[in-house]
Amino acid sequence: MWVRDVMLRDVAVVGPETALRAAAEHMWKSRGQLLVVGDERGIYGVVTTRELVFGAEAQVQGYSVGGVGDLASLDFVFTHEDEAVEELARRMVHTGARRAIVIDGALRAVGVVSPMELARPDVVGRASEESFPASDAPSWTGTSAG
């Protein structure tokens, strides 16, 4: 299975200087729970609903929040549509990334993959016991196999 088979395609991209209210409107219109923060120079991060709420609360309390760029999380990896989902999942676990931004040949964001997309039954169902040899039990089990 490939990234193109599981990615969310309608990703909204906003500039780092975008005001929180405008970003919330973009998020609402795209019906997504995150925005990619970027411009013609590159992609800077992602902003989730949670970060927008915390940013709005910070503004109410008098903290300076210039735009969504101040809230952008760097907790992501880049991928492309032709990467195997299994390889992307390994990279995300290895780096601790919570999101993958799918980019095209022009380095523009064309999609996003989150743990939710990786947890779909048709994706998880592809994993098998063969993925973990008896001598190499997954670390989360707390036991050793064999």
Side-chain angles (χ1 to χ4, degrees), residues 1-129 131-132 136-144:
M1 185 167 285
W2 308 104
V3 167
R4 73 175 148 283
D5 300 324
V6 300
M7 71 184 210
L8 298 174
R9 294 184 180 276
D10 293 328
V11 60
V13 180
V14 296
E17 71 290 338
T18 302
L20 300 187
R21 182 177 298 274
E25 289 175 10
H26 280 290
M27 194 177 285
W28 179 261
K29 287 177 185 174
S30 71
R31 296 184 184 251
Q33 294 187 3
L34 68 90
L35 300 169
V36 173
V37 179
D39 58 21
E40 64 280 346
R41 293 180 304 225
I43 296 172
Y44 305 110
V46 294
V47 172
T48 64
T49 308
R50 181 175 191 259
E51 279 118 6
L52 278 181
V53 169
F54 286 151
E57 180 62 26
Q59 280 184 333
V60 167
Q61 293 183 15
Y63 293 95
S64 175
V65 179
V68 292
D70 293 342
L71 307 173
S73 168
L74 302 176
D75 192 14
F76 68 93
V77 294
F78 288 112
T79 186
H80 52 86
E81 293 186 47
D82 296 331
E83 183 173 16
V85 170
E86 294 85 0
E87 179 58 30
L88 174 60
R90 276 190 215 98
R91 287 194 311 115
M92 288 175 71
V93 168
H94 179 72
T95 62
R98 303 237 353 164
R99 307 279 188 289
I101 299 175
V102 184
I103 55 174
D104 63 11
L107 304 179
R108 290 178 303 211
V110 295
V112 174
V113 178
S114 72
M116 194 64 159
E117 286 73 51
L118 297 177
R120 287 180 11 188
D122 58 330
V123 175
V124 173
R126 296 179 57 89
S128 69
E129 291 180 11
S131 298
F132 302 103
D136 189 21
S139 62
W140 64 83
T141 63
T143 62
S144 57

Just by modelled atom types, is the [Y] backbone N or O under 3.5 Å from a matching donor or acceptor in the [X] side chain?
| X | Y | answer |
| --- | --- | --- |
| Glu51 | Thr48 | yes |
| Asp70 | Gly66 | yes |
| Ser30 | His26 | yes |
| Arg9 | Arg4 | yes |
| Glu117 | Ser114 | yes |

Considering all heavy atoms of both residues, which atom of [X] and which atom of [Y] are nearest to each other, and what is their separation?
| X | Y | value |
| --- | --- | --- |
| Arg91 | Phe78 | NH2-O, 2.6 Å |
| Gly67 | Leu20 | C-CD2, 4.2 Å |
| Pro115 | Arg98 | CD-O, 2.9 Å |
| Tyr44 | Ala72 | O-CB, 4.4 Å |
| Ala109 | Ile101 | CB-CG2, 3.9 Å |
| Ala23 | Leu52 | CB-CD2, 4.0 Å |

Flag side-chain contact, heavy atom, 4.5 Å: [X] against [Y]:
| X | Y | result |
| --- | --- | --- |
| Leu71 | Val65 | yes |
| Leu34 | Thr49 | no |
| Ile103 | Thr79 | no |
| Val37 | Ile43 | no |
| Asp82 | Val3 | no |
| Val13 | Leu35 | no |

When rounded to the nearest 0.5 angstrom, what is the spacing between [atom1] in [X] and [atom2] in [Y]?
| X | Y | atom1 | atom2 | answer |
| --- | --- | --- | --- | --- |
| Thr18 | Asp39 | OG1 | CG | 9.5 Å |
| Met1 | Leu88 | CE | CG | 13.0 Å |
| Glu86 | Trp2 | CD | CH2 | 8.5 Å |
| Glu87 | Met92 | CD | CE | 12.5 Å |
| Asp75 | Arg99 | CG | CZ | 8.0 Å |

>> Looking at Glu83, I want to see if its CD is surrounded by more than 12 non-hydrogen atoms of other residues, nucleotides or ligands under 6.0 Å.
In response: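 Above 12, so yes.
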> Run the side-chain contact (heavy atoms from CB on, under 4.5 Å) check on Leu8 and Met116 step by step: do they pass?
Replying inline: CA-CA 10 Å; Leu8 298 174; Met116 194 64 159; over 6 Å; no
>> As a quick check of understanding, evaluate side-chain contact (heavy atoms from CB on, under 4.5 Å) for Met7 and Val112, giving each step before the final call.
In response: CA-CA 5 Å; Met7 71 184 210; Val112 174; over 6 Å; no
